[in-house]
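Below is one structure, written out as structure tokens; the observations come after it.
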Amino acid sequence: MEVWKKSLKELSDLVKRKELKPSEIVQSFAERTRSLEQKINSYVTNLIDTAVEESIKKDEEISKLADIPDLFGLPIAVKDNISTKGIRTTCSSKILENYIPPFDATVIEKLKNQGYILTGKTNLDEFAMGSSTENSAFFTTKNPWDYGRVPGGSSGGSAAAVGAGIVPAALGSDTGGSIRQPAAFCGVVGLKPTYGRVSRYGLVAFASSLDQIGPITRTVEDAALLMNVISGKDPKDSTSSDRELPDFLSYTGRDIKGLKIGLPEEFFIEGIDSTVKESVLNAVRQLEKEGAEIVEISMPTTKYAIESYYIIAPSEASSNLARYDGVRYGYRTSQYGSLEEMYSKTRDEGFGAEVKRRIMLGTYSLSSGYYDAYYLKAQKVRTLIYQDFMKAFEKVDLLATPTTPDVAFKIGEKISDPLQMYLSDIFTVSVNMAGVPGISIPCGFKDGLPVGLQLIGRPFDEGTLLQVAYYYEKMNDFYKRFPGE
Ligand code: GLN
């Protein structure tokens, strides 16, 4: 088998047994990158050439190591809203086009301690606002299964890179679905951890009460492997949790007999594509045959998730994005008279249309006189959504839903209709609102385009999600399929 087809875990084992050198691995992905990257445009900053050089150094270092870390010498891509010291971090925004962070995000520090190799910074919707990467200020990433379609978003670059096999794994961020939706569209695994599981230090803030960093990989085992590295309490992020960390890999290979899986009726509504629905229900039936118990449930307030998310996320964004004022860092307009004019021209020229829309929505919702009617009310709805999940988890161990109502849409199809674009996250946003973990795994194809199954778990129970996802993955062979083959 070609090296680039191997999973991160397989590569890790081969490096540890000294059967494969880091340079042989990176070289294989570099060749794949050279043949495909021009077609999919997954990287804002493509570092594959420096990754090759780095891997040769790693070949030498390895002989001096008594204990080889799991990710030593392995290539990984990182979404371009995660700070990398000395490496441009743009958020796919003109306002940060030339911004070079003077520090690493905590997740990057952790990857560096393992001896990982950065292959590049991946494209996203500007500041992670969007579902297609069409909001990137630079270019749109293409879906590796069909270049005329979007890879999803906002972590579209990361998902497309993993889906195309130009890198074995990537990091993304998920505020309302940005890891799971592109993972579903590109036929890969995407895990949004419980809020607080992974440090947000160095993740450029969009909506701080919803944002989480997580893995995008080919296999469930690889997601577990990355979770083992990136999770944990961080003194630099006061919202990170000091809950004990399990060995996430230990959940893969466990039996699923007796586990209760809930099917929330609100996630199988009219309007969802029939092949998507059938694929998801098929997956659920397979799990039932293996001894899981299926329970139909209702989560009545989750249907308000989109509306309340689009009050809360823009409100937090309007506040977080106030820092881009042309003074401290980032873009500044070239011509201005007064200070006031400098601020407004900088922001007008630096931000794209969707980011401006969010800032306006958020500022409005937070303004005096409207705060109670919008922001406060949305927060109350958020509590009800959380309670819906907690009630469900009294009856079941996890939930199964489609990740998205349909497969990847055509480039340009939804860009002029923000509401339609927002609706592609209808099944993912409630998970962020409740702060619980969710994973998307491939569960079928519709006309050659991947379909995603979403599993949602109790707070800090990523383990059960990995357990069931791994079990399902092994019964099927979706993860073995690559686009164009
Ligand atoms: N698509 C959603 C939005 O535009 C979610 C984005 C995300 O998770 N970062 O806000």
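We count ligands from 1, going down the list as the structure has it; atoms in each ligand are counted the same way. Numbering starts at 1 and runs along the sequence shown.
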Using distance alone, determine whether [X] and ligand 1 share an N or O pair under 3.5 Å.
X    : value
G153 : no
G176 : yes
S173 : no

### Query
How far is atom 2 (C) of ligand 1 from its nearest protein heavy atom, and which residue and atom name does that atom have?
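Ranking protein heavy atoms by distance from atom 2 (C) of ligand 1, first comes D425 OD2, 3.1 Å.
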### Query
Taking the six-membered ring of F185, is NZ or CZ of R180 closer than 6.0 Å to its centre and within 45° of its axis?
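Pair R180/F185 does not count as cation-pi.
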### Task
Report yes or no: is the cationic atom of K94 (NZ for Lys, CZ for Arg) under 6.0 Å from the centre of the six-membered ring of F351, at an angle within 45° of the ring normal?
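Relative to the ring axis of F351, which defines the angle, K94 lies outside at least one limit.
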### S240 and D234: side chain donor to acceptor below 3.5 Å
no
### Task
Just let me know how R358 lines up against ligand 1, side chain, backbone, both or neither, with a heavy-atom cut-off below 4.0 Å.
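Only the side chain of R358 comes within reach of ligand 1.
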#### Entry: Any Y422 heavy atom less than 4.0 Å from ligand 1
no
### For S154, atoms of ligand 1 separated by under 4.0 Å from a heavy atom
9 (N)
#### Entry: For Y310, atoms of ligand 1 separated by under 4.0 Å from a heavy atom
2 (C), 3 (C), 4 (O), 10 (O)
### Task
Kindly indicate whether the side chain of D174, heavy atoms from C-beta on, has any atom under 4.5 Å from the side chain of I213.
no
### Query
How about Y310 and Y422: are their ring centroids closer than 6.0 Å?
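Ring centres of Y422 and Y310 closer than 6.0 Å.
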